[in-house]
Protein chains: 2
Amino acid sequence: MAGSRLTPSRPCRKMVAPIPSPFPSRSDPLPMDVTEKAQTAARGRRIRRENVERILKAAELVFAEAGCAGATMADIADKAGLPKANLHYYFGTKEDLYRAVLDNILRLWLDPLAGLDASADPATALTAYIRAKMDASRLRPNASKVFANEILHGASQIGEFLAEDLRRLVDRKAAVIEQWISEGRMAPVDPRQFFFMIWSMTQHYADFEVQVRTVLGRKKLTRDDFAHFTAEVVRMVLRAGGLAPPDDPVSCTGGVPGES
Amino acid sequence: MAGSRLTPSRPCRKMVAPIPSPFPSRSDPLPMDVTEKAQTAARGRRIRRENVERILKAAELVFAEAGCAGATMADIADKAGLPKANLHYYFGTKEDLYRAVLDNILRLWLDPLAGLDASADPATALTAYIRAKMDASRLRPNASKVFANEILHGASQIGEFLAEDLRRLVDRKAAVIEQWISEGRMAPVDPRQFFFMIWSMTQHYADFEVQVRTVLGRKKLTRDDFAHFTAEVVRMVLRAGGLAPPDDPVSCTGGVPGES
DNA sequence: GTCTATATTGTGATAGAC
DNA sequence: GTCTATCACAATATAGAC
């Protein structure tokens, strides 16, 4: 399940771990009745699944708040309601746990973009994409923060993901934008810069949430706040792509370009 | 010099420091000839200034690469070419050093925005602002990364800066945007979301540089790359604000809005 | 002011009883 | 599978000779 697309390279910091501890495998050497054994195994799997889930959830929170190096296993264990040793039982090392958290996040990242389809209407498709990204920022801000932190510090764990999976997907989706442009349905933008715009704007509301909140003078961002942000982002991005919605009061005001 | 706008609160992590070590003050108790003493003091100040500068530069790099918690005094000392103990001599604690680095950065942050003037032409003024921000991303990427990392993890050090200085400045500059809108010189955007757009797009090229580079298949971003990014960002932002440059081939294509 | 040597402790990881 | 007790180490910070 975990570690599929991740580079098993550099840890958060130079860490202790002189011995590469192998992942512990389950073994039941005790002789038992068959049905009884099956029941025990089933319960064991359920407990494992629940614990893994709780650990991953707590880890995402702590990694988001403190970063990879700043996070401590003790803190994660506390928030998961389990003793620290259990984290090592399930995940081996802190780095392994960090990669497992990241691996969960990468799925969130690719799925919305994969939906962009050339046969759809540009404004409709882009609006849906932006909404999906804004929903992700609202509902999974910690996932976004962990991802941002990983990129910010060099993407040592997900470098391969960026170079392979993401790059290929972006190449395909850039072709979609280019097709729209060549059909005259969009302004001629650099497709990749256009994606950077959408990513940075939408993720900003998760990653820089403190700044957004403070500048707006809010104690907490509500669902209504996010609805407003989303509407504004959609409007601005569509206009940036030459896709002004018809209900827009100002459609096209002339302006003087900057001193080139 | 340092620590003017910074909240002296939570450290990067729970740190050792049980004793609040006071900042060491200079003292010259040795009896000396007056001119000789002055010369020694002058040379001392010069050495101090140079060392402080080297330490701050190295610290900015290391804090950007590893984050606040992940950075080590030993690593900073290595990159500064000084023994570790000297860092503590000049800055006391790691947290103090981190705050000094941040304090340098805050200036960079406010200055370009402060230049926005209501009497100027909107497109010209915004173009200049975007260029200044893109130049900052190109020339001081590590400063941007340290700032992003600080916000990402809760802004425990610069919370006061955000709530006071930045918020006040944004309030003033939002009024500028609103004036332009009321004069019909810009599309009616939420001024603060408009600023978020500019900040996130421009800082993206520093903070997410690895991702930008990888998606584009570049080994390194050149000055020409940045010139292209800047031109695209300017075009998109101006269009988003309803300020289409006249040389833009697509001025205003109709589009279908998303399913509301 | 400089820098080696060291005190101290937070933290990742493991052993081993239950 | 669970969890207490413990180890080993790395990182902050300081003492004190130069």
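Convention: sequence-line order gives letters A, B, ...; per-chain numbering from 1.
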Next item on the list: Report which part of the nucleic acid B:Ala69 touches: base, sugar-phosphate, or nothing (heavy-atom distance under 4.0 Å, all strands).
Entry: nothing
Notebook entry, point to check: How is A:Ala77 classified with respect to the nucleic acid when contacts are heavy atoms under 4.0 Å: base, sugar-phosphate, or nothing?
Noted result: nothing
Notebook entry, point to check: With sequence neighbours left out, what residues match A:Asp171 under side chain to side chain contact (heavy atoms under 4.5 Å, CB included)?
Noted result: A:Arg167, A:Arg192
Next item on the list: Write down the distance between NZ (B:Lys94) and C1' (C:dT9), rounded to a whole number of angstrom.
Entry: 14 Å
Checklist line | Set of residues satisfying side chain to side chain contact (heavy atoms under 4.5 Å, CB included) with respect to A:Ala163, sequence neighbours excluded | finding: B:Thr214
Next item on the list: For A:Phe229, enumerate each residue passing the ring pair (Phe, Tyr, Trp, His ring centres under 6.0 Å) test, keeping only those at least two apart in sequence or located in another chain.
Entry: A:Tyr205, A:Phe226
Checklist line | A:Glu95 CD to C:dA13 C1', straight-line distance once rounded to whole Å | finding: 14 Å
Checklist line | side chain to side chain contact (heavy atoms under 4.5 Å, CB included) involving B:Arg49 - partner list, sequence neighbours excluded | finding: B:Arg46
Write down the protein N/O and nucleotide N/O pairs, taken from nucleotides 2-4 of chain C, whose separation is under 3.5 Å; answer none if there are no such pairs.
{"residue": "C:dT2", "atom": "OP1", "partner": "B:Asn51", "partner atom": "ND2", "Å": "2.9"}
{"residue": "C:dT2", "atom": "OP2", "partner": "B:Tyr90", "partner atom": "OH", "Å": "2.8"}

Notebook entry, point to check: Do any of residues 57-66 of chain B sit with a heavy atom less than 4.0 Å from DNA chain C, and if so which?
Noted result: none
Next item on the list: Go through the structure and list residues passing side chain to side chain contact (heavy atoms under 4.5 Å, CB included) with A:Ala143, not counting sequence neighbours.
Entry: A:Glu60, A:Ile105, A:Leu108, A:Arg140
Next item on the list: Would you mind listing every salt bridge (charged side-chain N to carboxylate O under 4.0 Å, His left out) that reaches into residues 202-217 of chain B, with sequence neighbours excluded?
Entry: B:Glu209-B:Arg213
Check: Within less than 4.0 Å of OP1 or OP2 of D:dA13, is there a side-chain N or O belonging to B:His88?
Finding: yes
Check: Less than 4.0 Å between a side-chain N and a carboxylate O, is that true for B:Glu95 and B:Arg99?
Finding: yes
Next item on the list: Considering only NZ, NE, NH1 and NH2 on the basic side and carboxylate oxygens on the acidic side, decide whether B:Lys57 and B:Glu53 come within less than 4.0 Å.
Entry: no
Checklist line | Closest-nucleotide 5' rank along DNA chain C - winner of A:Ala74 and B:Arg46 | finding: B:Arg46
Next item on the list: Any disulfide bond (SG atoms under 2.5 Å apart) involving residues 130-170 of chain A? Give me the pairs, sequence neighbours left out, ordered by first then second residue.
Entry: none
Margin query: Rounded to whole Å, how long is the line connecting atom CG of A:Asp96 with atom P of C:dA13?
Written below: 8 Å
Next item on the list: Please state how far atom CE in B:Met73 lies from atom P in D:dT14, giving the value in whole angstrom units.
Entry: 10 Å
Checklist line | Interatomic distance, B:Arg48 CZ vs C:dG1 C1' [rounded to whole Å] | finding: 9 Å
Next item on the list: Send over the distance from A:Phe91 CZ to C:dA13 P, rounded to a whole Å.
Entry: 14 Å
Check: Roughly how many Å is it from CG in A:Leu87 to C1' in D:dG1, rounded to a whole number?
Finding: 14 Å
